[in-house]
Amino acid sequence: MTLPKDPIILLSTVNTLLRDKYSNVEQLAEDYGVSAKDIKDKLGQVGYEYDEGLNQFK
């Protein structure tokens, strides 16, 4: 599976994966062969930031 390109669908997918499978965005990114920075930048473009304490984008 590849990560969605649409930032809103990406948000939903990433937060679900973080909740159910990954303890941080770096692990998720590594498994999907992308950089955590790219995920953070893409979601940052639509106003979301990664909260390490909650392990989710909000």
Side-chain angles (χ1 to χ4, degrees):
M1 177 176 139
T2 60
L3 292 174
K5 302 255 185 260
D6 179 277
I8 301 304
I9 297 171
L10 177 64
L11 172 68
S12 176
T13 301
V14 167
N15 274 344
T16 298
L17 288 167
L18 289 170
R19 181 191 68 216
D20 294 346
K21 187 173 180 181
Y22 295 97
S23 60
N24 61 57
V25 71
E26 287 77 14
Q27 289 176 342
L28 183 154
E30 184 178 324
D31 274 3
Y32 281 86
V34 298
S35 76
K37 182 184 181 317
D38 288 346
I39 294 173
K40 291 175 182 179
D41 288 348
K42 181 104 175 183
L43 293 178
Q45 291 173 0
V46 291
Y48 290 88
E49 292 184 8
Y50 181 61
D51 182 319
E52 289 184 35
L54 297 175
N55 193 34
Q56 70 178 11
F57 284 85
K58 59 179 197 149

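Keep in mind that this is a model prediction, so the values were computed, not measured.
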Any side-chain heavy atom of Val25 sitting closer than 4.5 Å to one from Ile39?
-> yes
Check Ala29 against Ala36 and note the closest heavy-atom contact, atom names and distance.
-> CB-N, 3.5 Å
Leu43 and Val34: same hydrophobic cluster, using ILVMFWY side-chain contacts below 4.5 Å?
-> yes
Quick check: does any side chain N or O of Lys21 sit under 3.5 Å from a backbone N or O of Leu28, one acting as donor and the other as acceptor?
-> no
Should Val46 and Val14 be regarded as members of a common hydrophobic cluster, given that ILVMFWY residues are connected when their side-chain heavy atoms come within less than 4.5 Å of each other, either directly or indirectly?
-> yes
Of all the heavy-atom pairs spanning Leu54 and Lys58, show the shortest one and how long it is.
-> CD1-CD, 3.9 Å
Is Tyr22 reachable from Ile9 through a run of I, L, V, M, F, W or Y residues, each pair having side-chain heavy atoms under 4.5 Å apart?
-> no
About how many Å separate OG1 of Thr16 and CG of Leu11, when rounded to the nearest 0.5 Å?
-> 8.5 Å
State whether the side chain of Asn15 and the backbone N or O of Phe57 hold a donor-acceptor pair below 3.5 Å, judged by distance alone.
-> yes
Could you tell me the separation between the CD atom of Glu26 and the CD atom of Glu52, rounded to the nearest 0.5 Å?
-> 6.5 Å
Return the minimal non-hydrogen interatomic distance between Leu10 and Leu3, and the atom names on each side.
-> CD1-CB, 3.9 Å
Answer yes or no: are there more than 12 heavy-atom neighbours, outside Glu30 itself, under 6.0 Å from its atom CD?
-> no
Inter-residue atom distance Tyr32.OH - Leu17.CG, 0.5 Å rounding | 4.5 Å
